[in-house]
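Inspection log for the structure reproduced underneath, given as structure tokens.
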Amino acid sequence: MPELPEVETVRRGLERSVTGRTVARIEVCHPRAIRRHLAGPDDLAGRLVGATLAAACRRGKYLWLPLGPDRTEALVAHLGMSGQLLVCAPDSPAEAHLRARIGFTDAERELRYVDQRTFGGLAVEPLVGDAATAVPRAVAHIARDPMDPAFDEAAFVRTLRQRRTGLKRALLGQTLVSGIGNIYADEALWAARLHWARPAQSMTRPAAERLLAAVRAVLAAALAAGGTSFDALYVQVNGQSGAFDQSLNVYGRAGRPCPRCATPIRRDPFMNRSSFSCPRCQPRPRDPAPPGDDRARVAKPAKRSAMP
DNA sequence: CAGTGGCCCTGTCTGC
DNA sequence: TGCAGACAGGGCCACT
């Protein structure tokens with residue numbers, strides 16, 4: 001599925017192949033694909049037709065193309081689990097799950113949104129914030145991703161240690177850090193030798209820094225692997241993780257040996273999905289308080305504290 | 001208000 | 001062979 005490295009690969013492809021083009025028409029083939037555009041397909045077309053795709057931007061797994069010349073709005077895309085943005089010849093055969101197609105005034109190419117499960121979709125949204133850092137409304141409330149030069153490491157470490165939840169849940173939520181999915185969360189936790197259920201509050205500063213370094217290393221390695229299959233004209237997002245799946249150490253490898261210590265990898269149910277970890281490298285926390293449990297024990301408040 | 005869990009969607013795979 | 005059910009999972013939203 002498209003993860004941050006794949007989305008970045010798509011962004012680079014769009015930057016090269018559709019920025020500067022002017023929209024001539026949009027055809028919505030499946031209404032669910034534009035459900036986030038609340039004003040409906042006619043409004044979407046009205047805002048898009050005649051606009052120039054001025055740039056290609058990304059935060060986490062969100063992509064957006066600011067609309068020129070005003071740049072007060074942007075075409076926002078989220079690929080969900082199975083979304084693809086394809087740039088192809090307008091007369092090439094329709095894909096089985098083609099949801100929307102955008103034609104340009106030069107008619108040389110067409111931008112298509114293809115999505116089997118339609119968890120993702122397209123919308124036109126206002127850009128909010130200062131001009132230099134403007135992001136679409138849907139993106140405004142999520143944290144920067146770890147590949148962002150302006151990502152605030154100190155804030156990540158501080159905020160993580162205040163969270164009253166498990167590490168993996170904190171990584172997957174979008175308010176602390178964005179762009180991390182189930183695969184990269186498991187891989188980063190394995191690399192940092194941390195259990196997915198470890199209370200975030202129990203993390204020391206150095207441990208939190210190690211976790212962030214692991215996240216960055218995993219994302220960077222995946223981006224390097226994902227970038228290799230890129231074609232300038234055909235912006236492709238594979239249904240699989242591409243070359244990087246050969247580099248996975250724990251994800252999807254239940255029962256197979258840990259690359260570090262050969263202990264069989266275990267799979268745990270987690271939020272109606274799965275969590276993969278090495279029982280030996282990533283031992284369960286000593287006090288595995290159930291989610292939502294009172295963490296006062298972990299915090300160990302001093303006796304007779306003067307605090308209220 | 002931060003944390004939690006259910007739901008959306010469809011194709012693929014497994015097991016009976 | 002056919003069918004039912006599990007599974008994949010990011011983000012939203014209604015709860016506590």
Side-chain angles (χ1 to χ4, degrees), chain A residues 1-8 10 29-38 58-64 76-85 95-100 113-123 125 135-143 145 158-188 196-202 215 219 222 237-242 245 248 250-255 267-276 288-296 298-299:
Chain A
M1 69 290 316
E3 297 274 348
L4 186 150
E6 286 79 13
V7 177
E8 173 60 16
V10 171
C29 312
H30 194 310
R32 185 174 150 79
I34 60 153
R35 68 193 182 285
R36 302 258 165 248
H37 192 90
L38 300 176
R58 182 191 58 76
R59 175 174 293 181
K61 299 183 186 179
Y62 280 93
L63 272 172
W64 69 94
V76 184
H78 195 291
L79 303 179
M81 283 183 65
S82 51
Q84 297 174 287
L85 280 168
E95 291 76 8
H97 303 289
L98 178 62
R99 306 307 190 196
Y113 182 67
V114 176
D115 191 350
Q116 177 198 106
R117 279 173 259 191
T118 46
F119 269 42
L122 305 177
E125 295 190 358
V135 296
R137 200 174 40 203
V139 180
H141 71 286
I142 76 168
D145 64 66
R158 189 183 340 117
T159 312
L160 174 70
R161 299 179 67 226
Q162 291 169 354
R163 286 289 167 93
R164 301 167 76 92
T165 189
L167 281 185
K168 186 166 172 181
R169 184 126 196 172
L171 288 179
L172 292 181
Q174 52 187 337
T175 53
L176 179 64
V177 53
S178 66
I180 302 172
N182 201 32
I183 296 173
Y184 295 139
D186 280 1
E187 291 297 311
W196 55 268
R198 176 159 167 182
Q201 280 196 315
S202 75
V215 165
L219 291 177
V237 176
N238 292 325
Q240 304 151 358
S241 303
D245 62 4
L248 295 177
V250 284
Y251 182 82
R253 297 176 55 85
R267 171 190 177 277
D268 295 306
F270 171 81
M271 288 173 67
N272 288 326
R273 43 189 79 121
S274 299
S275 217
F276 297 93
D293 202 298
D294 182 11
R295 302 285 174 187
V298 178

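We name chains A, B, ... by the order of the sequence lines, and we start the count at 1 in each one. Everything numeric here is computed off the predicted structure, so don't read it as measured data.
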* Using a 4.0 Å heavy-atom cut-off across all strands, classify A:Arg36 as base, sugar-phosphate, or nothing. => sugar-phosphate

* Touch check for A:Phe270, heavy atoms < 4.0 angstrom, all strands: base, sugar-phosphate only, or nothing? ->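 No contact.
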
* Asked: Of the non-hydrogen atoms in A:Gly121 and A:Tyr113, which two are nearest, and what is the gap between them?
  ->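 Between these two residues, the closest heavy atoms are N-OH, 3.2 Å.
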
* **Any N/O donor-acceptor pair, A:Arg117 side-chain to C:dG10 base, under 3.5 Å** =>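 Checked by distance alone, the answer is no.
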
Out of [options], which nucleotide sits closest to the side chain of [X]?
X: A:Asn272; options: B:dC9, C:dG10, B:dG6; value: B:dG6
X: A:Arg163; options: B:dG3, B:dG11, C:dA8; value: B:dG3
X: A:Arg164; options: B:dG3, C:dG10, C:dC7; value: B:dG3
X: A:Arg267; options: C:dC12, C:dG11, C:dA8; value: C:dA8
X: A:Thr118; options: C:dC12, B:dC9, B:dG11; value: B:dC9

For the side chain of [X] and the backbone of [Y], is there at least one donor-acceptor N/O pair under 3.5 Å apart?
X: A:Arg99; Y: A:Gln116; answer: yes
X: A:Arg58; Y: A:Val7; answer: no
X: A:Ser274; Y: A:Arg267; answer: no

Short side-chain N/O contact to [N] OP1/OP2 from [X], under 4.0 Å:
X: A:Ser82; N: B:dG11; value: no
X: A:Gln116; N: B:dT12; value: no
X: A:His97; N: B:dG11; value: yes

* A:Asp145 versus A:Ser178, side-chain donor and acceptor atoms under 3.5 Å ->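 No, no side-chain donor-acceptor pair sits under 3.5 Å.
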
Rounded off to whole Å, could you give me the [atom1]-to-[atom2] distance for the [X] and [N] pair?
X: A:Phe119; N: B:dC8; atom1: CZ; atom2: C1'; result: 5 Å
X: A:Arg169; N: B:dA2; atom1: CZ; atom2: P; result: 14 Å
X: A:Gln162; N: B:dC1; atom1: CD; atom2: C1'; result: 14 Å
X: A:Leu63; N: C:dG10; atom1: CG; atom2: P; result: 16 Å
X: A:Glu95; N: B:dG11; atom1: CD; atom2: P; result: 15 Å
X: A:Asp186; N: C:dG10; atom1: CG; atom2: P; result: 10 Å
X: A:Ile180; N: C:dG10; atom1: CD1; atom2: P; result: 11 Å
X: A:Leu38; N: C:dC13; atom1: CG; atom2: P; result: 9 Å

